[in-house]
Amino acid sequence: QVQLVESGGGSVQTGGSLRLSCEIASTYPSSSHSVAWFRQAPGKEREAVAGISPGGSSYTYADFARGRFFIDRDNARNAVSLKLNNLGPEDAAMYYCAAKLGFGGVSSLLLPDTYKHWGQGTQVTVSS
């Protein structure tokens, strides 16, 4: 059983920053799970944002996130965070974390269909 709880969303102005957190509760060590962040805005498709391997040594980003967003994890705290910088209105969405056991390679980190466990999401709003 895996439960994911996101936090850290909120409302910021254009150019602002937020740090999202995903807390992992699992019968397996959190270090057993790959974790990714996805987002979905109203009327739009869900899209991958960033993903990180179980140990944290491998990670990847969607093109729009690279250089602005940063994913990391603290397995001792069972948490994965996503720092969002230089936010714009296009970044407004519900952000979800997802987890899966194991690591299927960097190329699989951003594939939503490979993730079995999902959180409820945390809302990010960006005002101009």
Side-chain angles (χ1 to χ4, degrees):
Q1 182 74 11
V2 178
Q3 291 185 321
L4 306 173
V5 178
E6 301 97 332
S7 62
S11 182
V12 296
Q13 292 187 325
T14 297
S17 298
L18 286 171
R19 178 180 288 277
L20 309 182
S21 182
C22 174
E23 293 188 15
I24 304 165
S26 173
T27 53
Y28 296 93
S30 61
S31 58
S32 299
H33 298 88
S34 295
V35 176
W37 287 91
F38 297 85
R39 70 183 187 183
Q40 187 166 21
K44 294 189 176 182
E45 299 274 325
R46 178 179 56 189
E47 59 183 350
V49 179
I52 191 165
S53 62
S57 60
S58 297
Y59 45 85
T60 189
Y61 299 91
D63 287 345
F64 67 82
R66 193 169 292 112
R68 292 192 302 134
F69 298 175
F70 298 94
I71 190 170
D72 64 15
R73 67 188 301 161
D74 184 344
N75 285 331
R77 293 178 54 245
N78 300 318
V80 175
S81 65
L82 182 68
K83 180 69 184 300
L84 311 176
N85 295 317
N86 193 22
L87 287 162
E90 68 279 6
D91 296 313
M94 186 72 81
Y95 283 70
Y96 300 91
C97 71
K100 60 182 175 180
L101 280 174
F103 177 50
V106 172
S107 60
S108 75
L109 285 173
L110 299 184
L111 300 179
D113 291 345
T114 65
Y115 287 86
K116 184 176 180 181
H117 309 287
W118 293 79
Q120 294 299 306
T122 185
Q123 183 70 46
V124 172
T125 303
V126 185
S127 58
S128 56

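All values below come from the heavy atoms of this structure, side chains included, with hydrogens, waters and symmetry mates left out. Residues take their numbers from the sequence shown, with the count starting at 1.
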Keeping the roles fixed (side chain from [X], backbone from [Y]), state whether a donor-acceptor pair exists under 3.5 Å.
X	Y	value
Gln13	Ser128	no
Thr122	Gly9	yes
Arg73	Ser53	yes
Tyr28	Gln1	no
Asp91	Ala65	no
Gln3	Ala25	no
Thr14	Ser127	yes

Worksheet item: If you measure only the distance, is there a donor-acceptor pair under 3.5 Å linking the side chains of Thr114 and Lys100?
Response: yes

Worksheet item: Hey, are Asn78 and Ser30 close enough side-chain-wise for a donor-acceptor pair under 3.5 Å?
Response: yes

Shortest non-hydrogen contact from [X] to [Y]?
X	Y	value
Glu47	Arg39	OE2-NE, 2.6 Å
Pro54	Ser34	CD-OG, 3.3 Å
Ser21	Ala79	OG-CB, 4.3 Å
Val2	Ser26	CG2-OG, 3.5 Å
Leu82	Val49	CD2-CG1, 3.9 Å
Gly119	Tyr96	O-CD2, 3.6 Å

Assigning hydrophobic clusters by single linkage (Ile, Leu, Val, Met, Phe, Trp, Tyr; side-chain heavy-atom cutoff under 4.5 Å), is [X] placed with [Y]?
X	Y	value
Leu110	Leu4	no
Ile71	Leu84	yes
Phe64	Phe70	yes
Val35	Tyr95	yes

Worksheet item: Between OG of Ser108 and CG of Asp113, what distance do you get to the nearest 0.5 Å?
Response: 12.0 Å

Worksheet item: Say you draw a straight line from CD of Gln120 to CE of Met94; how long is it, rounded to the nearest 0.5 Å?
Response: 9.0 Å

Worksheet item: Which word best sums up how the rings of Trp118 and Phe38 line up, parallel for under 30°, tilted for 30 to 60°, or perpendicular for over 60°?
Response: tilted

Practice prompt. With His33 as reference, evaluate Leu101, Asn75, Ile52 under the side chain to side chain contact (heavy atoms under 4.5 Å, CB included) test and give the passing residue.
Written response: Leu101

Worksheet item: Should Trp37 and Phe69 be marked as a ring-ring contact (aromatic ring centres under 6.0 Å, His included) after you check the CA-CA gap, both sets of side-chain angles, and the distance that decides it?
Response: CA-CA 11 Å; Trp37 287 91; Phe69 298 175; over 10 Å; no

Counting only heavy atoms not in [X], do more than 12 fall under 6.0 Å of its [atom1]?
X	atom1	value
Phe103	CZ	yes
Arg66	CZ	yes
Gln123	CD	yes

Item to complete: Kindly indicate whether a cation-pi arrangement holds for Arg68 with Tyr61, taking the cut-offs as under 6.0 Å to the six-membered ring centre and within 45° of the axis.
Response: no

